[in-house]
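Some notes on the structure that comes next.
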Amino acid sequence: FDSVYHNLFKCSGRRVADMPNLSAWLRDVYQVPGVAETCDMEAIHTSYYSQLFPLNPSGIVPTAPKQDLTRAHDRGTSDSASIFYFK
């Protein structure tokens, strides 16, 4: 999402990386066995920017944002304090 939709399609004012819970969920899904092997983020990024002429008539492909989808997502902990926010 951050690599293409946030910039090219102007879908959201914030990136997934700016939303901790959604970002953790994305990393969790990416780390499911077999998922990462189906995602070539560089190819996705280049393809969107180079093939959608009406949205990018200049053909300029910006540098993709740095994403580490393999870092710990901290989901699945049994500590309720890390899952819920209590006042």
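In this chain, numbering begins with 1 at the start of the sequence shown.
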Worksheet item: Which atoms form the tightest heavy-atom contact between Leu69 and Leu26, and what is the distance?
Response: CD2-CD2, 3.9 Å

Fill in: Between OH on residue Tyr30 and CD on residue Gln67, distance to nearest 0.5 Å
9.0 Å

Worksheet entry | Thr38 (side chain) donor-acceptor with Val35 (main chain) under 3.5 angstrom | yes

Worksheet entry | Expected output: side-chain Gln31 to main-chain Ala36 donor-acceptor under 3.5 Å | no

Response to the item:
salt bridge (charged side-chain N to carboxylate O under 4.0 Å, His left out) pairs touching residues 27-36, sequence neighbours excluded, are Asp28-Arg75

